[in-house]
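A quick note: this is a predicted structure, and the numbers were derived from the prediction, not measured.
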Amino acid sequence: MTRIRSQWDRLTAAVTAFAGAATLVLGWRGVSGTPYPAEQLPYVVSAGLGSLFLLGLSSALWLSADLRDEWRKLDRIEQALRAGGGAAPPAGAAPAAEVPPPTEAPGGDETPTAVVPKVDGSVQ
């Protein structure tokens, strides 16, 4: 029961996706049962638009659930960093390259230039 409460949006998304697919199939059955366009139009409008709405709602709910999961992960990472549990660099990892401060542009202008470190650690 707790799993259902925590994943209510995914469950609702699955139910609305199933309902959208069922509505689409029922609409197709109604349209295929008659050769007259005047009798097909109500099925196209009601079933087609209804299933489109339900499938769109299902997609939005599923994406919302994924975003909520990502925010939960980010909150856990932030709490760990605030608690001082920052991850140490892996053993054997190269130290971060030191980047020198920006230099003055030629001609004495004090506009700093961009310093871009290369992959090998040297400065461009």
Output side-chain donor-acceptor pairs under 3.5 Å for residues 50-59, partner residues at least two apart or in another chain, one line each.
from: Ser51; atom 1: OG; to: Ala47; atom 2: O; distance (Å): 2.9
from: Ser51; atom 1: OG; to: Gly48; atom 2: O; distance (Å): 3.0
from: Ser58; atom 1: OG; to: Ala13; atom 2: O; distance (Å): 2.7
from: Ser59; atom 1: OG; to: Leu55; atom 2: O; distance (Å): 3.1

Side-chain donor-acceptor pairs under 3.5 Å in residues 38-46, sequence neighbours left out?
from: Glu39; atom 1: OE1; to: Thr34; atom 2: OG1; distance (Å): 2.4
from: Gln40; atom 1: NE2; to: Val31; atom 2: O; distance (Å): 3.4
from: Gln40; atom 1: NE2; to: Thr34; atom 2: O; distance (Å): 2.6
from: Ser46; atom 1: OG; to: Pro42; atom 2: O; distance (Å): 2.7

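When atom types are taken as modelled, the side chain of Thr23 and the backbone of Ala19 share a donor-acceptor pair closer than 3.5 angstrom.
Within the structure, every pair that satisfies the salt bridge (charged side-chain N to carboxylate O under 4.0 Å, His left out) test and touches residues 49-68, not counting sequence neighbours, is listed here: Asp9-Arg68, Arg10-Asp66. The stretch residues 13-32 participates, sequence neighbours left out, in no salt bridge (charged side-chain N to carboxylate O under 4.0 Å, His left out) pair at all.
Members clustered with Trp62: none, using a 4.5 Å side-chain heavy-atom cutoff among hydrophobic residues. When hydrophobic side chains of Ile, Leu, Val, Met, Phe, Trp and Tyr are connected at separations under 4.5 Å, Trp71 ends up clustered with Leu74.
Asp75 is not listed as a side-chain neighbour of Arg72, based on a closest heavy-atom distance of 4.5 Å or more.
By the salt bridge (charged side-chain N to carboxylate O under 4.0 Å, His left out) test, Arg3 pairs with no residue at all, sequence neighbours left out. Take Glu70 and apply the side chain to side chain donor-acceptor pair (under 3.5 Å) test, not counting sequence neighbours, and it matches no residue.
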